[in-house]
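Notes for the one structure printed next.
Not measured: the values here are computed from a predicted model.
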Amino acid sequence: MADGGEKPTAAAAAAVAAPVSKQQDETTALQIIGLNKAGDSFEILESNLDSILGVKAVKSLPAVVVSVAGPFRLGKSFLLNYFVRYLEGKVDMEGDWIDQTFSPEHNLGFNWSHGADRHTTGVWMYKKPFIRTVPGGKKVAVLLVDTQGTFDNHMKQEMNAVIFALNSLISSTQVYNVTKRISEDILQNMHLFTRFGEMAYKQQSSAAKGKVKPFQRLQFLIRDWGGRRDFDFGAAGGKGYLETVLNSQDGEPELLEVRRDIRDCFGAIDCFLMPYPGTEVAEGDSGNIDDRFKDHLQAFVPSVLKSSELEIKAVLGQEVTCGTLKEYIRQYTQLFKDGSMPEVTNIFDATAKLNHDGIRRDAVAQYKVVMREFAGPDQPHRVPAELQAKHDETYDNAVKMYTESPRLEAPRVEQAMLAEMQKEVNDLYADIASANEQKVLFKRLVTPIALGGLSLICNIIATFLSVFMLEGLAILFSYITWFCFLTIGFWAYSSAFHKFEDVAKQIDEVSVQIYEVGFMIFTTYLQQQIMGAAVGDTKKSD
């Protein structure tokens, strides 16, 4: 494989200065974050991001973000294409997906080939989210992310660290793809990240729940592993090797800090040891993968992508939807825009704002659900005092939900979010109270409308019967007509002077039934007329 010491080619140099990018027409992965023309700062490609995460079908689904990061030209995109192959097949399949091969001329989603030129400047995302059902029956959207290789021929070390940190912040499962061993420069890349993780872990507020680790799953994938005598290939050998690395006391003080803090940052840290893939793959041809490599690849991919292994993206235990993830990516890209590492406190502040805003939206959504069930359009009119009491109770529960959710300690952000939540809830309550009053108006009108309509129909029938000399029946319908008028008069008197209210209530109940029957007959008749007209038009056209 190419090493980092090769001189950049002319094509590679041009890649740095290239605009952030029209390549989406040539691949099924879209660039969502890239370098500007000068190659010294990052910018977001809004249209590509919206085309993936803004689609109605996935916008509200929880996001599972599986990303691959690691040094330049070690097969990240190659690995991601096998992820695509696995997800494109039957759910949780075990067999023939591994035998489907591809070459640089036929990439499934992520551009890969052996050489010195970069194909993945910035951050790329597979354009089609894969819908899966995780244990418990919840549907999720699986998103695959590729990053520019770190320690390549063109990127400053600080920008490499930025790519890694940015990728880590948006991922639920991050596969760190390295070769031969977990070296000190890899741990160095993680230093700022673990400092932020430590800060986020310590500065959490929750009245009811324990602290939540700020990041979810970190999966080291060691390619070309040569220490099989000490640790065998696979997950078991990787676990033993990882313990050795994290328990080591060698290296600079900041590396010791990384080893100490990394366990507090991630909910799970795993390692998988892979053999050499074979000379042909190393030279850029995936058509003839070494059988031993293939066997371990077949074990590794499901360990990340099987439905039971999928990790929903969450911030301090709060699940992130695809729509919310889009906002996280925007905010973090802005934070890292100049290509340099921001202060840990700035990352913390940005994350705190997004974290608190997500909890606020969940609390307001809970308020909406409860109030809709109590006083929604399909519910009866509520007495104003009863409605106000329900509002107060539901709002208090929303505030309680907010204050008891795991969140980053940020008093100013919390104060602003609570004020915004109160305003939003009060606006919602004003709309609910207004709709509730309209129900009163409708309720008052139902009785005169129903009885007036019945009297009109009876009068028309009486007139029709008189024409055909059916006087007995005509008189009966005339009596019903006058009875309706007298009932309306009595109801109006009772409503105005609050007398005989029990009788007036019974009149209201009967009137509602008359109204509903009449409305049903009218709508049925109207539907039949529309269908008849449509059939007539069809016959004419034939």
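Between L242 and D270, the closest side-chain pair of non-hydrogen atoms is not below 4.5 Å. Contact check for L297 versus M274: side-chain heavy atoms found under the 4.5 Å cut-off. Side-chain contact between Q31 and M125: absent, with no pair of heavy atoms (C-beta onward) separated by less than 4.5 Å. Put simply, the side chain of K326 does not reach to within 4.5 Å of the side chain of E46, judged on heavy atoms. In this structure the side chain of L143 never reaches within 4.5 angstrom of the side chain of Y126, judged on heavy atoms. Annotation: side chain of S67 is not in contact with side chain of L144 (no heavy-atom distance under 4.5 Å). The side-chain heavy atoms of V315 and L354, taken from C-beta on, include no pair separated by under 4.5 Å. Put simply, the side chain of L418 reaches to within 4.5 Å of the side chain of M421, judged on heavy atoms.
By the side chain to side chain contact (heavy atoms under 4.5 Å, CB included) test, D291 is found to be paired with K294, residues two or more places apart in sequence or in another chain being considered. Every residue two or more places apart in sequence or in another chain that forms a side chain to side chain contact (heavy atoms under 4.5 Å, CB included) with K400 is listed here: E404. Residues meeting the side chain to side chain contact (heavy atoms under 4.5 Å, CB included) test with A416, sequence neighbours left out: none. Residues satisfying the side chain to side chain contact (heavy atoms under 4.5 Å, CB included) test with A141, not counting sequence neighbours, are V58, L61, P129, I131, C322. For the salt bridge (charged side-chain N to carboxylate O under 4.0 Å, His left out) test, residues two or more places apart in sequence or in another chain that qualify with R361 are D357.
Put simply, CG on L53 and CZ on R330 are 9.0 Å apart, with the number rounded to the nearest 0.5 Å. Atom OG1 of T179 is separated from atom OH of Y276 by 10.0 Å, given to the nearest 0.5 angstrom. The OG1 atom of T351 sits 6.0 Å away from the CG atom of L169 when rounded to the nearest 0.5 Å. Here CD1 of I269 is found 11.0 Å from CD of Q219. Values are rounded to the nearest 0.5 Å. With values rounded to the nearest 0.5 angstrom, L49 atom CG is found 7.5 Å from L325 atom CG. Considering OH of Y367 and CE of M401, their distance stands at 15.0 Å, rounded to 0.5 Å.
T324 places no side-chain N or O within 3.5 Å of a backbone atom of V320 that could act as its donor or acceptor partner. In terms of modelled atom types and a separation under 3.5 Å, the side chain of S60 and the main chain of K56 share no donor-acceptor contact. When atom types are taken as modelled, the side chain of S172 and the backbone of E311 share a donor-acceptor pair closer than 3.5 angstrom. Checking side-chain atoms of N48 against main-chain N and O of I32 turns up no donor-acceptor pair under 3.5 Å. The backbone N or O of N81 sits nowhere less than 3.5 Å from a side-chain atom of R85 that would complete a donor-acceptor pair. Looking at K59, its side chain never comes within 3.5 Å of a backbone N or O of G323 through a donor-acceptor pair. A donor-acceptor pair is defined here as one N or O able to donate and one able to accept, closer than 3.5 Å; such a pair exists between the side chain of R259 and the backbone of V245. When atom types are taken as modelled, the side chain of Q216 and the backbone of I312 share a donor-acceptor pair closer than 3.5 angstrom. Panel note: side chain Q331, backbone A350; no donor-acceptor pair is recorded below 3.5 Å.
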Practice item. Under the side chain to side chain contact (heavy atoms under 4.5 Å, CB included) rule, what do I52 and L30 come out as? Steps first, then yes or no, please. Key: CA-CA 9 Å; I52 301 171; L30 300 180; 4.2 Å; yes

Exercise for review: List the steps and the verdict of side chain to side chain contact (heavy atoms under 4.5 Å, CB included) for N397 and Q366.
Suggested key: CA-CA 9 Å; N397 288 336; Q366 176 183 273; 4.2 Å; yes

Check your understanding: Step by step, would you call V123 with D146 a side chain to side chain contact (heavy atoms under 4.5 Å, CB included)?
Key -> CA-CA 6 Å; V123 179; D146 188 13; over 6 Å; no

Check your understanding: Under the side chain to side chain contact (heavy atoms under 4.5 Å, CB included) criterion, do R360 and E424 qualify, and how do the steps go?
Key -> CA-CA 10 Å; R360 177 195 62 79; E424 189 173 356; 2.6 Å; yes

**Study point:** Test side-chain hydrogen bond (donor to acceptor under 3.5 Å, both in side chains) applied to N167 and T147, step by step
**Key:** CA-CA 7 Å; N167 188 56; T147 64; 5.0 Å; no

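Open room surrounds CD on Q415; 12 or fewer heavy atoms of other groups in view lie less than 6.0 Å from it.
Of all non-hydrogen atoms in R132 and L87, the two that sit nearest each other are NH2-O, 2.7 Å. Closest approach of V64 and L310 over heavy atoms only: CG1-CD2, 4.1 Å. Counting all heavy atoms, side chain and backbone alike, F272 lies closest to H296 at CZ-O, 3.6 Å. Closest heavy-atom contact between R217 and E309: NH1-O, 4.0 Å. Across all non-hydrogen atoms, the minimal contact from Y241 to C271 is CD2-SG, 4.1 Å. Across all non-hydrogen atoms, the minimal contact from N355 to Y328 is N-OH, 3.7 Å.
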For a quick test of your reading: what N or O donor-acceptor pairs under 3.5 Å do the side chains of residues 225-234 make, sequence neighbours left out?
from, atom 1, to, atom 2, distance (Å)
W225, NE1, G227, O, 3.3
W225, NE1, F231, O, 2.8
R228, NE, D232, OD1, 2.8

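A salt bridge between E319 and K138 is present, with a side-chain N of the basic residue lying under 4.0 Å from a carboxylate O of the acidic one. Between K353 and E327, no side-chain nitrogen of the basic residue sits less than 4.0 Å from a carboxylate oxygen of the acidic one, so the salt-bridge criterion is not met.
Using the six-membered ring where Trp is involved, F220 and Y176 have ring planes that are parallel, under 30° apart on the 30 and 60° scheme.
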